[in-house]
Amino acid sequence: MNDLFLRACRREPVERVPVWFMRQAGRALPEYRAIREKAEMFEIIRTPELAAEVTLQPVRRLGVDAAILFSDIVAPLEATGVGVELREGIGPVIDRPFRGADDLARLRPPDAGDFGHVIETIRILRRELDVPLIGFAGAPFTLASYLVEGGPTRTYARTKALMYREPETWAALLDRLADVSLASLRAQVDAGAAAVQLFDSWAGVLAPADYERAVLPASRKVLTGLADTRVPRIHFGVGTGELLRLMAGAGADVVGVDWRVPLDRARERVGDGVAVQGNLDPAACLAPWDVVAGAARDVLQRNAGRPGHVFNLGHGVLPETNPDTLARLVELVHEEGRGGG
Ligand code: CP3
């Protein structure tokens, strides 16, 4: 078993820096598109053989040091009885958006039976994988944003309005969503996921004081709720430069950093006690190879060989990325990345 990724998460010295990519499974890969022509996204997620196959595709093609379960951050919402649809090119769309206190009663707590397909997928993957499997879930705030808006948004106005206007309903909603994230992550770890990533993708739209007061307690509930499992916990969001210190303090072992904050600066913000993951701009991968290589070397140089670096993009792989570029990037990180070993 290649355990470089797990060792880097624990800030142990590694011979070479491990690398994987957020959204490595998906539309950048022709073999994924071939499967998607025959099955909808949620059909793939609910069919263990297909979900396992799609999880394995980038491991085979790219040679990454970790696999990430094929699912979606909104998938656990279905377990609460919320109708979710993943619309091509748009994202998750919610049947009946959450509008106020009365809607709390509609969110039923998930039970173990809700994650049967995930458990079976992970069982298959444990036989097939020689790299660690990362389980994941949406963080309470990011899940709330989809629930309240009903779909993707640019302003998060409805979500923030609820947070400011009805703080008690908001706190109750986030607490329920923390239970959903936690139940999903626990099921994944119990089935064999070796690490977890909590995606608070959209937390960067919040001011630090609002994040700390109205969001952090729910994320902390999820992350500290997994402490006894001893698996590394990665906490990630986009545009979170001003939140990195708080996100690290929420119970994370690793903080995911987007491309807006240079990795050395991110290190200063999160302190020595946590590892960092990131942070090449995904759009750089659309440039000619020497530009990609230069940008990747800059990330490695800013980490300066310190232990506790997992190389990744600063956000998910863009669909138009050439998979050959990603494969070359893995080779470059493997050849040039030194992690204190
Ligand atoms: O490879 C992997 O990383 C594992 C699978 C994965 C998916 N979504 C599959 C997917 C993961 C980890 C996610 C996380 C996810 N989903 C996030 C957090 C990461 C981030 O981008 O910040 C978010 C916000 C979502 C919500 C979501 N799902 C959006 C906004 C979209 C539409 C945009 C897009 O990228 O297509 C989806 C759909 C989705 N999730 C697809 C895939 C492969 C595309 C569906 C298709 O095949 O058409």
Side-chain angles (χ1 to χ4, degrees), residues 19-46 50-62 64 66-78 84-94 118 121-122 125 131 133-147 149-154 156 159 181 184-185 188 193 195-205 234-240 247 256-259 277-279 282-283 310 312-321 323 326:
V19 47
W20 70 280
F21 304 115
M22 292 182 277
R23 302 287 193 104
Q24 63 190 14
R27 290 179 309 182
L29 302 188
E31 56 270 39
Y32 170 75
R33 284 200 212 106
I35 290 182
R36 265 291 272 116
E37 264 167 38
K38 296 186 219 115
E40 288 300 325
M41 172 90 182
F42 268 121
E43 270 175 76
I44 301 176
I45 292 174
R46 285 197 211 99
L50 288 181
E53 170 57 24
V54 173
T55 303
L56 289 165
Q57 286 174 344
V59 180
R60 289 191 202 112
R61 184 192 269 260
L62 308 175
V64 284
I68 181 157
L69 179 74
F70 189 75
S71 181
D72 194 84
I73 57 161
V74 295
L77 283 181
E78 287 229 304
V84 191
E85 195 194 325
L86 278 168
R87 247 176 246 163
E88 182 119 37
I90 299 176
V93 176
I94 305 294
V118 178
T121 303
I122 296 177
L125 286 167
V131 294
L133 176 69
I134 304 168
F136 73 95
F141 174 77
T142 293
L143 289 179
S145 78
Y146 285 110
L147 259 189
E149 305 287 339
T153 167
R154 263 202 304 251
Y156 298 84
T159 311
S181 289
S184 165
L185 292 173
Q188 294 175 60
V196 294
Q197 178 154 328
L198 188 64
F199 281 96
D200 210 352
S201 299
W202 315 136
V205 300
I234 309 168
H235 197 186
F236 168 78
V238 181
T240 52
M247 289 178 75
V257 183
D258 85 358
W259 63 92
Q277 174 174 281
N279 70 341
V310 175
N312 205 315
L313 306 180
H315 197 188
V317 171
L318 295 168
E320 55 270 45
T321 308
L326 297 175

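For ligands, and for the atoms within them, numbers begin at 1 and follow the listed sequence.
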Would Thr55 count as a contact of ligand 1 if the rule is a heavy atom under 4.0 Å away? no
Side chains of Ser181 and Pro76 in contact at under 4.5 Å (non-hydrogen atoms): no
Pairwise distance CD(Gln197) to CD1(Ile68) - rounded to 0.5 angstrom: 5.5 Å
Shortest reach to atom 48 (O) of ligand 1 by a heavy atom, considering only Met22, Arg36, Arg33, Gln24: Arg36
Heavy atoms only: which of Leu143, Ile73, Ile134 is nearest to atom 14 (C) of ligand 1? Ile73
How far is atom 1 (O) of ligand 1 from its nearest protein heavy atom, and which residue and atom name does that atom have? Ala25 N, 2.8 Å
Which residue and heavy atom of the protein sit nearest atom 45 (C) of ligand 1, plus the separation: Met41 SD, 3.5 Å
Within the 4.0 Å heavy-atom cut-off, what Thr142 brings close to ligand 1 is neither
Hey, what's the ring geometry for Tyr32 with Phe70, parallel, tilted or perpendicular (30° and 60° as the breaks)? tilted
Taking the six-membered ring for Trp, are Phe199 and Phe136 parallel (under 30°), tilted (30 to 60°) or perpendicular (over 60°)? perpendicular
For atom 40 (N) of ligand 1, grab the closest protein heavy atom and report residue, atom and distance to one decimal in Å. Asp72 OD1, 2.7 Å
The reported gap from CD1 in Ile44 to NZ in Lys38 (rounded to nearest 0.5 angstrom) is 10.0 Å
Give, for atom CH2 of Trp202 and atom OG1 of Thr240, the distance between the pair rounded to the nearest 0.5 Å. 11.5 Å
For atom 13 (C) of ligand 1, closest protein heavy-atom neighbour: Arg23 NE, 3.4 Å
Numbered atoms and elements of ligand 1 in range of Tyr146, under 4.0 angstrom, heavy atoms: 24 (C), 26 (C), 30 (C)
d(Leu125 CG, Thr55 OG1) to nearest 0.5 Å is 5.0 Å
Taking Gln24 for its side chain and Ala66 for its backbone only, find out whether a donor-acceptor pair lies under 3.5 Å. yes
What about Ser201: any of its N or O atoms under 3.5 Å from an N or O on ligand 1? yes
Any atoms of ligand 1 less than 4.0 Å from a non-hydrogen atom of Gly91? List them with their elements. 29 (C), 31 (C), 32 (C)
Closest non-hydrogen protein atom to atom 11 (C) of ligand 1, residue and atom name please, with distance? Phe136 CZ, 3.6 Å
Once rounded to the nearest 0.5 Å, what's the spacing between atom CE of Met41 and atom CD of Glu88? 10.5 Å
Side chain Glu78, main chain Val74, donor-acceptor under 3.5 Å: no
Answer yes or no: does an N/O atom from Trp202 fall short of 3.5 Å to an N/O atom of ligand 1? no
Could you tell me whether Val238 and ligand 1 have an N or O pair separated by under 3.5 Å? no
Can you find an N/O atom of Arg27 closer than 3.5 Å to an N/O atom of ligand 1? yes
What is the closest protein heavy atom to atom 47 (O) of ligand 1, and at what distance does it sit? Tyr32 OH, 2.5 Å
Is there side-chain contact between Ile234 and Val310, with at least one heavy-atom pair below 4.5 Å? no
Atoms of ligand 1 under 4.0 Å from any heavy atom of Glu88, numbered from 1 in the order shown, are 48 (O)
Is the shortest side-chain heavy-atom distance between Glu85 and Phe42 below 4.5 Å? no
Could you tell me whether Glu31 and Arg60 have a side-chain N and a carboxylate O separated by less than 4.0 Å? no
Non-hydrogen atoms of Leu86 versus ligand 1: any pair closer than 4.0 Å? yes
Does Phe21 have a non-hydrogen atom less than 4.0 Å from ligand 1? no
Has Gly316 got any heavy atom lying under 4.0 angstrom from an atom of ligand 1? no
Among all protein heavy atoms in this structure, tell me which lies nearest to atom 21 (O) of ligand 1, with the distance rounded to 0.1 Å. His315 NE2, 2.8 Å
About how many Å separate CD1 of Ile45 and CG of Leu69, when rounded to the nearest 0.5 Å? 8.5 Å
Check: of Gly256, Pro92, Pro282, min heavy-atom distance to atom 27 (C) of ligand 1 comes from Pro92
With a 3.5 Å distance limit and no angle check, can you tell me whether Asn279 reaches the backbone of Asp258 through a side-chain donor-acceptor pair? yes
I'd like to know if Pro152 contacts ligand 1, where contact means a heavy-atom distance under 4.0 Å to any ligand atom. no
Of all the atoms in ligand 1, which lie at a distance below 4.0 Å from a heavy atom belonging to Ile68? 1 (O), 2 (C), 3 (O), 4 (C), 12 (C)
Ser71 contact mode with ligand 1 (heavy-atom cut-off under 4.0 Å): backbone
